[in-house]
Structures are given as C-alpha cells and as structure tokens.
Amino acid sequence: MKKTFRYAGMFVLVTGTIVIACSKDINDRTANLPPLEPASTDIDAGTWKPVLLASPDEIQVPAPIPTNVPDYVAQINEIKATQADLSDEEKGIVKYWSAGGILRWNEILRELVAKHNLPPYQNEDGTYPAPSATNPLAYPQFPFANPPYAARAYAYVSAAQYDALVAAWHYKKLYNRKAPYNVDSSLKVLINRSELPSYPSEDAVIAGAAAEMMKLLFPGDQDYIQKKAEEHRRSRIISGANVRSDLEAGEALGKAVAQRFVARARTDRAGVAGGNPAMWKKLEDDCIARGETPWYSLEVPKRPPMLPAFGVVKPFLFDSLTTIALRPGPPPPVASQKMKDETKEIYDYVKNPTREQIRIVHYWADGVGTYTPPGHWDAIAAEDFIKKNFSEVRWARNMALLNMSLMDAAIVCWDTKMFYFNPRPTQLDPAIKTTTGIPNFPAYISGHSTFSGAAATILGYIIPDRASAYTAMAAEASLSRMYGGIHYRSDCEIGIETGNKVGNYAIERAKTDGAD
Amino acid sequence: MKSKYLTACMLLSGMLFHSVTRGQTEVDAIMMNKTQFCAGFMYNYSKWDEYWEGTLKRNNLNLGDVSSQSVMFMANYGITDKLNVMVGAPYVWTKASAGTLKGLDGVQDISLNVKWKPYTKVFGKNKLQLLLVGGVSTPLSDYVIDYLPLSIGLGSTNVTGRLMIDYVHTSRFFATGSAAYVWRSNVKLDRTSYFDTELHSTNEVKMPDAASFQLRTGYRGKYLIAEALLSNWTTLGGFDITRNNMPFPSNKMNSTSAGVNAKYTLKQHTNLSFLGGGGYVIHGRNSGQAFNVNAGIFYALYFNKKLDKNNFNQ
C-alpha cells in the first residue's frame, strides 16, 4: 500500500508539473509593438502624387486656431484631465494604436475579410443566394469577402488613406501647428515625440478614411468599425499627441477624401461582377465554341463561378484596355499531350503528399475563413514595414502600391480565367484528390500565383534587400497550388509572370510619385 | 478469473469531428492483478454524414459520408493489484465519400494512463470501489491538425485526471460512473494567422480544456461481459463553427453518445479474449453525428501463477 501511494504521488507530481509549466497564453506577433518612431517625418509628403485627388488641396481644411487662445488652452486641458487618472485600459489603447494607424487599420480590415470570407450555403432548389449590400446582416451576410472582393477592399482603403494623408501632410506643412506637447511642455507624452506638425491629425485622417470607406465595403460591421475609429482618436488625446481640433480636422479630411474613393467604387463595375445565369452560360458556350472543354463547378450543388465579371472592374494602375493586353495566351488545349502531362504531374503530387508538401499547401492556402492571399501579402509586408520605421504617410503609400497591385492582379487574373474558362485538374482526372479546397472558378491562371507575382515585384522595389525573399515566397505560394492538386504548372508559371507585369506598373508609379 | 483483465483493453472511439480514438481501459473500473499483462489490437470504424455546425444540424454534399478507421495497439500491466499502467497508440485513416478533399492517415497519439484503486468497501452482497486515473497523451507524429474534419487528430498534448466510482453486486451486475478533467495544450498550425472569433497573427491556437463523463452498467461475468454506456465530452470554452465554415481545432466540440460493449473470453483458452461494440452520437455541437463499431482481440500473460485469480471478479 505504501508503494502504491509512492507511485500515485509521483504521478500526481509529474502531471501537475506539466500542467503548471505550460502557460496557454498566446502571443500575436504584432501585439506588443513599440510606438512608431518614424525615421523621417517626410515633411514634404504633401507634394507626393495622389491616386485620385487632382491636388493635395482639393479638399479644403480651414486654418487652425492659434495655440495661445483660450479655446486651444481648453483643448490642452482636456488632455490633462484625461491623463490625470489613466486606467490600464486607456494605457492599452495607446499601446495598441501607437504602433501605427495604417498597420492597425490594415489588421482590422484583414480581420473583417476573414470573418466574411464564407461562401453562402445553397438554397433548397440547389441555387445559391447572393449577399445583399442593402441588407448586410441577413443570411448570406454581405459581403462574401472572397479574394477579388478582398483585393479590391484592401486597395480602396489603402489608396484612400494614402490620398488623405498626402492632403494632410500638405496642410501640416502649410499651417505648421505644433504638437500639443511642444506647446505645453507640462503634458505627459505616451508616444514618441515628433517635430511633425499635428494639424490635421494623421491618425484621425487614417481612421476617418478607413471608417468611411469601410461603410461601403463592410456595411454590417459599422458598430465595430466606428468603435475602433473612436478608440483610435481617443488614443491620441490620452497620449497627448493631439488636441481635439487636430482630430476633428483630420477626421473630416479623411472622410471627405474617402468619399471620392467611395464614388469611384460605386462606378468601378464591381457591383455587377457576380454576373447572371445568361452570362455564366455564355462563358461555357464560348469555350465550347472554341473547341475546348469548359470549366464546371466541382461543388455540389454546382456553384456559379466566383465574380465572373471581375475582370472588367476598373483597375487603379492602368486602364481596362491594358487589362486585356496583359491577358496571357491560352493554356495548353485540354486534349493536348502537354495538358495530359501536366495533369499527370499534379496526380503524382497528390497521390502521396509529403508532410512538408502539405505544410506548404496549408501555409499558403488562405482559403475559406481567412484574409485571402492579398491579406497574406499585406501581413508579410506589414511585418517588414514595421522594421523600417516608415512615417504614416510612407506606410500608406507603400500599402497603397501593394494593394493596388493586388487588386489589379485580381482583375487581370479574373479576366484571363473567364476568357479561357479552363477546367481544374480534378475535372480532367477525378482521381486527383486535393489537400485544400478547390476554388470555385476556372484554373488558368492561378490567382495565388498572379497575386504573389504582383506583390513580390512591388515589395521587392519598396524593400530591395528583401526582393529575393519575396520572389522565393511567391514561388512557394505558386507551387503550393500544384502540391495541393488544384492547379497545373502552366497556371502557376504564367500566373507569376502575369503578376510580375502588374507589379511593374506599380513600380512605374512608385518611381514618379515623389516619395523616393 | 482471467477474463476481467481483458476487458481492461476495450476502446471507445470516434465521437467528435476529429477521429478520437480513446482507450477504454482508463474509463472502466477493472483492475489487473500484480504482474499480469495483456495486449492486443482494436479496430474501429466510425462514420457520419450529418453534423452540428454550432447547434445547427446539417449535412454537407461536398463531404458526403466522413469516415475514419483506426487500429489501436493497447497494453495493460498490473504493477500491483491496485495500480495498473496502460499504453495505447492508434493508426488512423480518414475519408470523405464525396467532394474532392483527400483523406489522410497516420500514427495519432500515444497515451499513457495510470489507474489506482485506493479504496474498496464490501457491505453484504455489494461492493463499492473508488478509482483514480491519471493520463497523458501526445502526438506520436507531426500529423496535420488544421484540416478538419479529415485531420486524424487535434494535435494537443492532454493531461487527464479522472475520478471513478464503481458499484458491483454479487449477482455480477455493476454500474460505474466517472468524471474527468482534460487539460489540453495549445496547438500549432501550418499557417501564420487564423480567425476564430477574431484575427490572430500567430500559428498558435489556445485549446480549451474539456470535461468527460461516463456511465456504464451491465453484467460483468466470468467469461462474458456485456454493458451499455453513456458518454459525454464537453469542451470547456471554444467557439461555434460559423455558417458554412469549416471546423477548427478549438471549436466548442461537444458530444453525448450511447453504446454497447461486449467481451468474451474463451473458456478453453482463457488467455484469449474477443471484444466488440458500437455506439451512436445522440447529441452534439460542432461534432459529427457518428455511428461507430469496433472489434478487438487481446491476449493475456500471467507471469505469476501463484496469484489467486479466482477471487471475486472486479
């Protein structure tokens, strides 16, 4: 019996130690960032070339009140009153937002994309319901944030923030109002001090532009978005970085600029990208008329192709004629030996995949319920941008370049997919079982490859010492689709090439926008 | 009475989204005597076509029937009459009958359990026993976990503590009730980010702990054991699968299942036993409504012949 107790005691001790030793807290990679400390204020960013605005002063921002009048002093006192008794929650808010407004709103956008990246469940009759922007909370919720939708969302929010910040920098330099802590040295400062003029507040500009743009893109999540915007502005009062009039002017400017982008978005043809049954049939018929085997949906019940008219959406970096000019030549004919060989190659990959191959498939899958491949590239970029200590306006410019590339890559890719309407490997050989979901649209060219080719190209320009790493990542993302059994080699190789071409348009823009 | 030791090698299986293959020995009240050893294999087949997406019951035409098979090796050794140690490890295969997703297979988790019977009280024709079981299980291979419902397991290292009360009547009818707390380690995905109810920029997933309950009753005879059981697994935390989304390792996976088990030991050759059983999930959440059957064969070795093996069975 004594022995029994000894064994039992040892056992309890061992298991107890294991339980206690392993904390279950998880650490997000961007949860504990230091406050942004820009290497340069980029004080002349008001002269950088905007995307939509004709000039940085297209939106009027009134001159601020002087810093020696009672109204301004009252605003300073608002900061002091707030700072008098700071809660842990308030300190947490400052810590979160001071890492960078462009970063945080990009993360929020990625979160909303992931939340909404869910294909609608079928109707009783085997058709599929479409989400409605006018009734976003009814099932299926609006939007279905699939990769093209997401690419466009990232591009509009980033570009709107960039234009709004170019305008903000114009007025910052023009009015040259000092930051509150440079006016009243008795203020506590919970962020890194800067010589950048504080009016209008760049943080309020970023939040205002994002919130206004996201009203259109995520109309069912307004509570959450407005709460974040309000918290972002509040972080600037708590931290002593801005007085209320800095924030009010910034918010108004951000919103006004975003409204230009909202107007563009309403007429960029994305609203009709879902097509209609007649169009879906025509894509199939046209493919047959060319003597080819058309793609069909491998879902049960068959689902219409994802946003088949996305190829005619108005791009940011070039015009729609260029979309067509960038369309690559046809894939190998289905009946050709080359296509048979490529199909066999995919079968060989999926027959007995290695653990490493599945890891690569899942690392890059970015499928249902995720922030999509464009969001993945935003995450990759953001984590590198953090290390570069960019100013907010440079963050915005680089994110805009990346996301305009990704959106335009989606446009060119979707135009190509629907033009050729080429089947997936599993359609040609049902023995090909996949280790990730088969996207519900034609194969040629691979979306992941096109996105990745575009992203790696522009990111390699922005951060040249990471260029070869980006190229390697793009190659792996592309290859992951072959390992997963959902794309042929032609889809991937031509996809990367086409993406690179789109990325080059972003480089051309970057070279002349005044930022480099 | 050799047959009792063999019962100690039964299994229960396959009730949640992942193909859980749990040893049954740590959930029953049967002890092996000192120096006695038994080992064998159990085969299990489970299948579901309907599942609970959160609390919504549905099917999925792009999965069809989701099935898993496993072959589990188990061994049980009596360190003393009141202290047993058990190990087990299954090989698991998964498959979906419809859609295009490839099934996976591999070695799943090794489990080590220690069962201790610190207290026995006999009153009249009745006997009451208290048992404590502690266990650890951990993946034996780097299998894919983020591919539900076709992953072969959830990938967490689990530490389980179970309290069990067993009642036996001299007529050989018995009832056993047990409750366990399962501490589960976090798991790591192949991707760098995921959304559960918010976005996480990490590959690490916080796994909610779980509770496990079981009631079993029936006849525990010299050569035949037949019993009915009711099992519940409740995840203490976690989140529901959103509409038409895929399952995720840290979902709130709950399930209650009913089943039967039988074991027969050959009279002519008491070292050899055959086991069989089946079960069905009667209620669940973020779980498949699985039906399962199992069968096994076990062989016992008696290292110390002097021991009295004919004492009151159980």
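Order of the sequence lines sets the chain letters (A, B, ...), proteins ahead of strands, with each chain counted from 1.
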Evaluate the side-chain proximity of [Y] to [X]: yes if any heavy-atom separation is below 4.5 Å, no if none is.
X	Y	result
A/P301	B/L61	yes
B/T192	A/H376	yes
B/L189	A/H362	no
A/D25	B/K206	yes
A/L118	B/N244	no

Q | Toward chain A, the part of B/F248 with a non-hydrogen atom under 4.5 Å | A |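 Neither part; nothing is under 4.5 Å.
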Q: Please state whether the side chain, the backbone, both or neither of B/L104 comes within less than 4.5 Å of a heavy atom of chain A.
A: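 For B/L104, the side chain is the part near chain A, not the backbone.
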Q: Find the distance between CG (B/D142) and CD (A/E356) and round it off to the nearest 0.5 Å.
A: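 Taking CG in B/D142 and CD in A/E356, the distance rounds to 9.5 Å.
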Q | Distance in Å, B/T202 OG1 paired with A/R29 CZ, rounded so as to fall on 0.5 Å steps | A |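 Going from the OG1 atom of B/T202 to the CZ atom of A/R29 covers 6.5 Å.
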Tell me, side chain or backbone of [X] under 4.5 Å from chain B's heavy atoms, or both, or neither?
X	result
A/N117	neither
A/T426	side chain
A/Q141	neither
A/T370	side chain
A/P140	neither
A/R424	neither

Q: Run the salt-bridge test on A/R355 and B/D190 with the 4.0 Å N-O cut-off and return the result as yes or no.
A: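 Salt bridge between A/R355 and B/D190, a charged N being under 4.0 Å from a carboxylate O: yes.
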Q: In plain terms, say whether A/K24 and B/D209 are close enough for a salt bridge, that is, a side-chain N and a carboxylate O under 4.0 Å apart.
A: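 Yes, this pair counts.
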Q) Do any N or O atoms from the side chain of B/N62 and from the backbone of A/V300 form a donor-acceptor pair under 3.5 angstrom? A)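 Yes.
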Q) So which of A/T435, A/I486, A/V368 has the biggest tally of heavy-atom pairs under 4.5 Å with chain B? A)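 Looking at each of A/T435, A/I486, A/V368 in turn, A/T435 comes out on top.
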Q | Minimum heavy-atom distance between B/L199 and A/Y371, given as atom pair plus value | A |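 Closest approach of B/L199 to A/Y371, heavy atoms only: CD1-CD2, 3.8 Å.
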Q.
Out of B/G106, B/A96, B/S201, B/S141, return the one with the most heavy atom pairs under 4.5 angstrom to chain A.
A.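 Answer, by heavy-atom pair count under 4.5 Å with chain A: B/S201.
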Q: Kindly check if the number of other-residue, nucleotide or ligand heavy atoms within 6.0 Å of OH (A/Y121) is above 12?
A: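 Check passes, neighbour count above 12.
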